[in-house]
Amino acid sequence: MKFLKNLGLVLLTILIIVAWVLLPWQGAAAVAVLLALWLFLFRSGAQTRSVASVGISTLSQRIGSSAVIVVGIAGVVGVLVALLAMAEGYAQTLRNSGSLDTAIVMRGASAAEVTSSLSREDVVQIEQTPGIARNDRGEPVVSAETVVAANLPVKGAKADEEGSAQVRGVSAAAFAVRPHMQIVDGRMFQPGLRELVVGKGAARQFAGLSVGATLKLGNQPWTVVGIFASGDAMESELWADANVVNDTYQRGSGRNSATVKLASQGAFKEFKAALEGNPQLKVTASTTLDFFAKQSEQMTKMLRIIGITVGAIMAVGAVFGALNTMFAAVATRAREIATLRAIGFRGLPVVVAVMLETTLLALLGGLIGGVVAWLLFNGFEASTMGAGAVGKLSFNLAVSPGLLWEGIKWALAIGFVGGLFPAVRAASLPVTTALREL
């Protein structure tokens with residue numbers, strides 16, 4: 001019977017943890033309100049408050065053992081939130097790169113620009129497709145673009161250490177397609193010349209990308225004439241005139257993709273249908289918002305898996321620390337708890353009271369871990385190979401409110417598991433046996 005009871009308790013714990021992980025913050029708030037109502041409106045709740053107040057009042061006398069729980073859980077939450085902030089920052093950077101009123105066109109079945117190719121005839125056909133916005137001169141706002149890789153020296157690294165940067169050859173409409181992009185230092189490159197404008201992220205990551213600097217791309221000297229800011233993935237790139245990039249890298253007249261400004265957000269369906277109905281084209285189109293969201297999926301998922309795996313491993317250690325601490329705390333209060341039960345206190349108030357004590361410590365640890373992660377890592381710059389790209393993507397870690405809430409949920413789950421078994425033991429220990437324990 002004891003084995004079955006323990007097995008049932010373990011299964012119940014697993015079910016509660018799974019439900020807690022899936023619970024949104026609104027559900028957690030509802031649980032907290034129901035718990036508060038029970039504590040203040042029912043007799044058993046009043047008993048719980050009495051037992052819990054005694055245990056909480058003695059925390060100052062057990063500051064060393066209590067700190068084990070707080071520090072352990074703070075470490076778990078801090079590491080978890082920091083790792084998940086990488087995934088959040090990466091996804092956020094790519095999401096910021098797209099919008100619903102722009103679309104990207106690539107060769108059919110191409111998942112990324114580097115695997116796509118469009119001929120000059122394809123680009124002409126795309127420019128004539130209905131649904132594209134036009135400028136003051138009546139010209140379609142389309143930027144046919146080429147992407148190539150360049151090896152550049154990394155800042156702060158060894159002299160011979162290089163990293164991969166993505167060079168994008170663009171047309172004159174590139175900034176009209178992406179109006180949020182602004183030159184923040186220097187000037188725009190002149191068409192037909194070997195001039196570059198570089199993103200702020202690329203300038204921070206690679207050496208020799210200041211305005212006026214000269215570097216070699218494709219064995220040809222290029223001059224950096226400007227730095228631009230966009231707040232998205234484009235900041236990790238180097239931009240130049242597409243025709244000059246194609247000549248330097250012997251790409252002919254073709255392009256990898258065409259990014260278009262739509263007449264309106266609702267014009268995408270008309271634009272896509274016209275492309276698919278054109279027998280001279282074998283291309284695929286998607287809004288840039290959808291395109292970059294898909295580009296971020298795989299890397300974001302991998303980063304989240306790493307974060308959750310590391311957090312889970314650390315959480316196991318924190319759970320055992322909480323179990324040891326709470327078992328010791330319950331053992332020192334065995335006579336007190338037995339006396340309360342002997343004078344009429346039920347087992348449920350004892351269980352909930354012990355768990356409230358552990359939950360309070362877990363909540364404190366979760367808050368400390370979340371605040372530390374936010375202070376140290378929010379906005380911290382990192383870089384990795386961009387999905388579907390040929391260069392590194394520079395991004396900032398983002399400790400969002402959603403991640404902080406996820407960290408708090410982990411902390412409370414650890415506290416729940418760490419307090420449940422000691423609490424059940426305290427409530428189920430025979431009164432006569434407990435009265436004899438020291």
Side-chain angles (χ1 to χ4, degrees), residues 94-95 97-135 138-149 166-178 218 232-234 237 239-299 385-391 393:
L94 284 174
R95 284 196 302 267
S97 305
S99 64
L100 291 173
D101 61 353
T102 56
I104 185 169
V105 184
M106 299 183 297
R107 186 184 63 190
S110 297
E113 290 179 277
V114 292
T115 60
S116 170
S117 63
L118 300 174
S119 66
R120 178 57 192 160
E121 291 73 20
D122 292 335
V123 174
V124 172
Q125 290 287 329
I126 292 168
E127 291 175 340
Q128 296 173 357
T129 304
I132 299 178
R134 295 183 176 273
N135 59 23
E139 300 168 339
V141 184
V142 178
S143 178
E145 299 175 350
T146 298
V147 290
V148 296
Q166 182 158 290
V167 180
R168 181 177 295 270
V170 300
S171 71
F175 277 74
V177 172
R178 307 176 182 92
D232 56 23
M234 300 299 169
E237 299 181 344
W239 282 21
D241 179 63
N243 291 326
V244 182
V245 171
N246 276 28
D247 290 343
T248 302
Y249 287 88
Q250 300 179 358
R251 291 292 189 91
S253 61
R255 301 288 189 268
N256 289 100
S257 66
T259 302
V260 308
K261 179 74 173 178
L262 298 172
S264 66
Q265 291 186 7
F268 175 70
K269 289 185 178 180
E270 176 190 8
F271 175 70
K272 183 178 177 65
L275 287 177
E276 293 176 348
N278 188 336
Q280 299 180 33
L281 289 174
K282 292 183 180 180
V283 297
T284 182
S286 61
T287 64
T288 54
L289 185 64
D290 289 340
F291 173 75
F292 285 107
K294 289 179 180 177
Q295 293 290 302
S296 70
E297 284 178 357
Q298 187 174 358
M299 180 64 73
M385 288 300 296
V390 292
L393 172 66

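Scope of the values below: all heavy atoms of this structure, side chains included, with no hydrogens, waters or symmetry mates. A quick note: this is a predicted structure, and the numbers were derived from the prediction, not measured.
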Exercise for the section: Using modelled atom types only, decide if a donor and an acceptor are shared between the side chain of Q295 and the backbone of A111 within a distance under 3.5 Å. Expected result: yes
Handout entry: Side chain R107, main chain T115, donor-acceptor under 3.5 Å
Key = yes
Practice task
Give a yes or no answer on whether the side chain of D247 reaches the backbone of V244 with a donor-acceptor pair at less than 3.5 Å.
Solution key: no
Handout entry: Nearest heavy-atom neighbours spanning A267 and G131
Key = CB-O, 3.7 Å
Practice task
Taking all heavy atoms of T129 and all of F271, pick out the closest pair and write down the distance.
Solution key: CG2-CD1, 3.6 Å
Handout entry: M106 backbone acceptor or donor facing T284 side chain under 3.5 Å
Key = no
Problem - D122 vs L281 side-chain heavy atoms within contact, under 4.5 Å - result: yes
Exercise for the section: Look at the side chain of D101 and the backbone N and O of Q265, then say whether any donor-acceptor pair between them is shorter than 3.5 Å. Expected result: no
Problem - N/O donor-acceptor pair under 3.5 Å between T146 side chain and N246 backbone - result: no
Exercise for the section: State the CG-CG distance between L100 and L289, to the nearest 0.5 angstrom. Expected result: 5.0 Å
Problem - Closest contact, heavy atoms only, S286 versus F291 - result: OG-CB, 3.7 Å
Exercise for the section: Could you pull out the closest heavy-atom pair between F292 and L94, with the gap in Å? Expected result: CB-O, 3.1 Å
Problem - E237/R178 salt bridge by N-O under 4.0 Å criterion - result: no
Fill in the blank from the handout: In this structure, CD of E121 is separated from CD1 of I126 (nearest 0.5 Å) by 11.5 Å
Fill in the blank from the handout: Nearest heavy-atom approach of A144 to A242 is O-CB, 4.1 Å
Fill in the blank from the handout: In N256, T259, L118, the residue satisfying side chain to side chain contact (heavy atoms under 4.5 Å, CB included) with E145 is T259
Handout entry: Side-chain heavy-atom pair I104, E113 within 4.5 angstrom cut-off
Key = yes
Handout entry: Distance (rounded to the nearest 0.5 Å) between R255 CZ and N243 CG
Key = 5.0 Å
Problem - Evaluation steps, side-chain contact (heavy atoms from CB on, under 4.5 Å), between V245 and R168 - result: CA-CA 8 Å; V245 171; R168 181 177 295 270; over 6 Å; no
Practice task
Measure across S97 and M234 and return the closest heavy-atom pair with its distance rounded to 0.1 Å.
Solution key: OG-N, 4.4 Å
Practice task
Determine yes or no for a side-chain-to-main-chain donor-acceptor pair under 3.5 angstrom, with T102 supplying the side chain and G98 the backbone.
Solution key: no
